[in-house]
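Shown next, in structure tokens, is the structure this report addresses.
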Amino acid sequence: GAGVSQSPRYKVAKRGQDVALRCDPISGHVSLFWYQQALGQGPEFLTYFQNEAQLDKSGLPSDRFFAERPEGSVSTLKIQRTQQEDSAVYLCASSFGPQYNEQFFGPGTRLTVL
Amino acid sequence: AQSVSQHNHHVILSEAASLELGCNYSYGGTVNLFWYVQYPGQHLQLLLKYFSGDPLVKGIKGFEAEFIKSKFSFNLRKPSVQWSDTAEYFCAVNAPYGGSQGNLIFGKGTKLSVKP
């Protein structure tokens, strides 16, 4: 596709449910980032992949958060046993080459935990 | 830890007014600097970036930004705003030699409302 796509665009979960958020990066982009954006805040880094390797997961807020990119393209962010504080927009971004290139962002998934 | 400060939470201007949005970062080493814009209902888009060279960078839609290393600043400017510039603007940095993997550190954003 022409840009980064994410699905679903909106997700409502009951507290305690598991959710999975999908990111399709731009074809051929090596680097993939996940960010979390709380209401009224800027995006905050969660994790980074270079191809299928997860090189940095220092931003994941707890061990309930897990991300994968098994074939070096599509990535999934999974949140287990969701809590209300997990409510946020989850953004995916990809870049072509080394990680310091321009990042292209997807539209995000808005997660609401009730 | 690196951080980015955007001084204005919400700026309201009339069309044709000049714009300057402040951005300061805290990191003493080499940085790459970015301004992203998010128009209502749309995703984040890159306005401009600074990696090296001329500290005055020009971006899309008539925006420009000046990197002042001594002030740790990267302010965004536009001489004459239009109603279509209504959006949220985010300043971001990454540190190529700072031990990160290129992840961006964002400010909290500035909402710009332009009155027709």
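Just so it is clear, the model here is predicted, and its values are computed rather than measured. First the proteins, then the strands, lettered A, B, ... as listed; each starts at 1. Both backbone and side-chain heavy atoms feed into the values below; hydrogens, waters and symmetry mates do not.
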The interface call for A:Leu91 against chain B, heavy-atom contacts under 4.5 Å, is side chain
Query raised in the report: Does atom CG of A:Leu114 have more than 12 heavy-atom neighbours from other groups under 6.0 Å away?
Result: yes
Side-chain heavy atoms nearer than 4.5 Å, only ILVMFWY residues, links allowed to pass through others: does that put A:Leu77 and A:Phe104 together?
no
Quiz item: Between B:Leu104 and A:Phe105, does a side-chain contact (heavy atoms from CB on, under 4.5 Å) hold up when you go through it step by step?
Solution: CA-CA 12 Å; B:Leu104 295 168; A:Phe105 282 81; 4.2 Å; yes
Are there more than 12 heavy atoms of other residues, nucleotides or ligands under 6.0 Å from atom CZ of A:Arg15?
no
For the CD atom on A:Glu44, are there more than 12 heavy atoms of other groups (residues, nucleotides or ligands in this structure) within a distance under 6.0 Å? no
Looking only at heavy atoms, the pair that brings B:Tyr36 and A:Gln103 closest together is OH-O, 2.8 Å
Per-pair distances, 0.1 Å, donor-acceptor, side chain in residues 13-23 of chain B, under 3.5 Å, sequence neighbours excluded:
unit_1: B:Glu15; atom_1: OE2; unit_2: B:Trp83; atom_2: N; d: 2.9
unit_1: B:Glu20; atom_1: OE2; unit_2: B:Asn75; atom_2: ND2; d: 3.2

Checking the side chain of A:Glu102 only, and the main-chain atoms of B:Phe34 only, is there a donor and an acceptor separated by less than 3.5 Å?
no
So, the part of B:Ile105 with a heavy atom under 4.5 Å from chain A: the answer is neither
(request) Count the heavy atoms of every other residue, nucleotide or ligand shown that sit under 6.0 Å from OH of A:Tyr10, and state whether that count exceeds 12. (result) no
In this structure, are over 12 heavy atoms from other groups packed under 6.0 Å from A:Glu85 atom CD? yes
- Any side-chain heavy atom of A:Tyr35 sitting closer than 4.5 Å to one from B:Phe106? yes
The interface call for A:Gln37 against chain B, heavy-atom contacts under 4.5 Å, is side chain
One should read off an interatomic distance between B:Asn94 CG and A:Phe45 CZ, to the nearest 0.5 angstrom, of 11.0 Å
With heavy-atom distances below 4.5 Å as the criterion, would you say the side chains of A:Tyr48 and B:Asn103 are in contact?
no
Exercise for review: Please answer: with hydrophobic residues joined when any side-chain heavy atoms are less than 4.5 Å apart, are A:Phe49 and A:Val4 in the same cluster?
Suggested key: no
NE2 (B:His43) and SG (A:Cys92) are apart, to the nearest 0.5 Å, by 12.0 Å
With a 4.5 Å cut-off on side-chain heavy atoms, are A:Pro43 and B:Leu44 touching? yes
